[in-house]
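Here's the structure, in structure tokens; my notes come after.
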Amino acid sequence: MKFEKKYSIQEFANMCHTTKDTLFHYHRMKLIKPSINESNHYREYTSEHLLTFHRIALLKKSGCTLEEIEDYLYHRNANTLPTILEESHVRLNQKLLEAQRAVQQLNRIEEAIIYAQTPKNAAPHVEIWTEPRYLVTTPIDEADFIYDEADITCLCSHIDYCETIPTADAFPIGNTLPNLSLSMELYSHAFFSFSKEPFDSDRCQVLEPGKYLCSLHIGCLDFIQHSIESLAQYAFDNNILPIGNLYVCNLIDAFTVFDRNDFVTWLFSRIE
């Protein structure tokens with residue numbers, strides 16, 4: 001007579017690349033029910049348990065909870081599995097979209113850091129943008145100094161709204177200010193973030209291709225007025241006429257560094 005090989009809980013855990021605690025938990029939930037050796041009262045596992053474990057692992061990876069798996073195992077038949085798999089497919093696709101969105105956001109943050117750390121971008125200079133750039137904007141109800149504490153409610157609303165736009169990245173976040181020629185008026189009237197594509201909303205602002213006057217402010221926002229005045233002076237000395245808003249965008253902030261003196265803020269304005 002051929003006897004089926006049995007494995008101790010430690011052997012079985014090693015085979016499944018899991019822990020004894022996990023197997024104890026599965027036993028308590030009756031997901032995997034090992035036999036009990038009558039002589040020593042130890043749990044014993046077989047190849048059938050191995051198949052069950054890997055089916056459970058697959059369903060967990062697909063997004064099923066242990067409670068859902070338990071319900072399936074106790075009521076499984078040829079009709080219930082396709083339903084479970086269909087629901088799992090929807091969950092996996094959602095997770096995939098969320099992962100792609102996270103990668104998109106991290107890439108945007110990485111690009112911002114690289115721009116902030118490029119020495120030639122620090123001093124006032126003119127850039128020629130050959131492609132349009134799209135902004136997600138959120139008006140600020142009451143204009144505030146850009147270096148004051150942000151309106152948290154409005155900021156949260158802006159971030160939440162960005163999450164509803166598939167091509168938008170909430171970070172980095174910036175503020176729009178009046179025309180650079182009015183550099184003493186440091187009042188912000190909107191938050192903005194970037195979107196890779198245009199979207200159908202009055203909150204989509206298009207920065208058309210053309211010339212932009214740019215510089216970087218290094219340090220905390222308390223002293224950003226000096227950098228804005230330097231940018232305005234550069235425009236005056238070079239007969240450059242800024243048009244439209246001044247945009248102030250946080251490239252390196254508390255998310256990246258501890259010291260506020262290491263913050264880097266991007267200033268840019270469309271010019272004729």
Side-chain angles (χ1 to χ4, degrees), residues 108-140 142-151 154-155 158 169-194 205-272:
R108 176 79 72 176
I109 293 173
E110 183 179 18
E111 291 170 1
I113 293 173
I114 291 173
Y115 185 93
Q117 293 178 329
T118 302
K120 69 181 181 65
N121 294 330
H125 62 284
V126 175
E127 296 181 5
I128 299 177
W129 296 1
T130 58
E131 300 289 338
R133 302 189 184 190
Y134 306 101
L135 303 183
V136 183
T137 62
T138 300
I140 298 176
E142 296 182 6
D144 198 1
F145 284 109
I146 62 170
Y147 47 78
D148 282 347
E149 184 177 354
D151 180 340
C154 186
L155 181 59
H158 175 75
D169 301 312
F171 301 97
I173 292 177
N175 297 82
T176 61
L177 279 68
N179 188 286
L180 179 58
S181 62
L182 304 175
S183 59
M184 294 303 293
E185 298 292 335
L186 294 186
Y187 287 95
S188 171
H189 49 72
F191 290 112
F192 75 84
S193 297
F194 289 94
Q205 181 179 344
V206 182
L207 300 179
E208 298 291 350
K211 294 182 179 180
Y212 287 80
L213 180 61
C214 308
S215 71
L216 298 178
H217 168 73
I218 300 175
C220 67
L221 291 177
D222 294 348
F223 305 105
I224 196 170
Q225 180 174 341
H226 301 307
S227 295
I228 294 176
E229 291 173 350
S230 295
L231 193 62
Q233 186 64 48
Y234 178 89
F236 177 80
D237 292 343
N238 291 275
N239 295 317
I240 294 173
L241 179 61
I243 54 177
N245 293 323
L246 170 65
Y247 298 89
V248 179
C249 184
N250 303 316
L251 302 184
I252 294 180
D253 54 20
F255 180 77
T256 311
V257 295
F258 284 107
D259 192 340
R260 288 166 54 87
N261 292 318
D262 292 330
F263 287 7
V264 179
T265 306
W266 183 26
L267 310 176
F268 61 92
S269 178
R270 178 80 184 273
I271 59 177
E272 287 189 340

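Quick caveat: nothing in here was measured; it's all calculated off a predicted structure. Hydrogens, waters and symmetry mates are skipped; everything else that's a heavy atom, side chains included, is used.
- The two atoms that bring Phe263 and Asp253 nearest to each other are CE1-C, 3.5 Å, heavy atoms only.
- Considering CD1 of Ile173 and CG of Asn250, their distance stands at 8.0 Å, rounded to 0.5 Å.
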Test side-chain contact (heavy atoms from CB on, under 4.5 Å) on Gln117 and Ile252 and set out the steps. CA-CA 9 Å; Gln117 293 178 329; Ile252 294 180; 4.3 Å; yes
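- The aromatic rings of Tyr247 and Phe192 stand perpendicular to each other, their planes meeting at an angle above 60°, with 30° marking the opposite boundary.
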Derivation and outcome, side-chain contact (heavy atoms from CB on, under 4.5 Å), residues Val248 and His217: CA-CA 9 Å; Val248 179; His217 168 73; over 6 Å; no
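- Considering every non-hydrogen atom in both Pro124 and Tyr234, the closest pair reads CB-CG, 3.5 Å.
- Distance check: Leu213 CG to Asn238 CG gives 8.5 Å after rounding to the nearest 0.5 Å.
- Put simply, CD1 on Ile218 and CG on Asn261 are 11.0 Å apart, with the number rounded to the nearest 0.5 Å.
- When atom types are taken as modelled, the side chain of Ser193 and the backbone of Ala170 share a donor-acceptor pair closer than 3.5 angstrom.
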Tell me, with the steps shown, if Thr137 and Phe191 meet side-chain contact (heavy atoms from CB on, under 4.5 Å). CA-CA 6 Å; Thr137 62; Phe191 290 112; over 6 Å; no
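- In this structure, OH in Tyr115 is found 7.0 Å from NZ in Lys120, a value given to the nearest 0.5 Å.
- Within the model, atoms CD of Glu272 and CG of Leu241 stand 4.5 Å from one another, a figure rounded to the nearest 0.5 Å.
- For the pair Pro139 and Cys154, the tightest heavy-atom approach, listed with the atom from each and the gap, is O-SG, 3.4 Å.
- Between the side chain of Ser227 and the backbone N or O of Phe223, no donor-acceptor pair lies under 3.5 Å.
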Show, in sequence, the C-alpha distance, side-chain angles and deciding distance for His189 and Asn245, and conclude whether the side-chain contact (heavy atoms from CB on, under 4.5 Å) test is met. CA-CA 10 Å; His189 49 72; Asn245 293 323; 3.6 Å; yes
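- Judged by distance alone, the side chains of Gln233 and Glu229 never bring a donor and an acceptor atom under 3.5 Å apart.
- Between Leu251 and Ile113, the shortest heavy-atom contact is O-CG1, 4.3 Å.
- Listed for the His125 side chain is a donor-acceptor partner under 3.5 Å among the backbone atoms of Cys214.
- The CD1 atom of Ile271 lies 4.5 Å from the CD1 atom of Ile240; values are rounded to the nearest 0.5 Å.
- Between Tyr212 and Trp129, the ring planes are parallel. Angles under 30° get that label, and only those over 60° would be called perpendicular.
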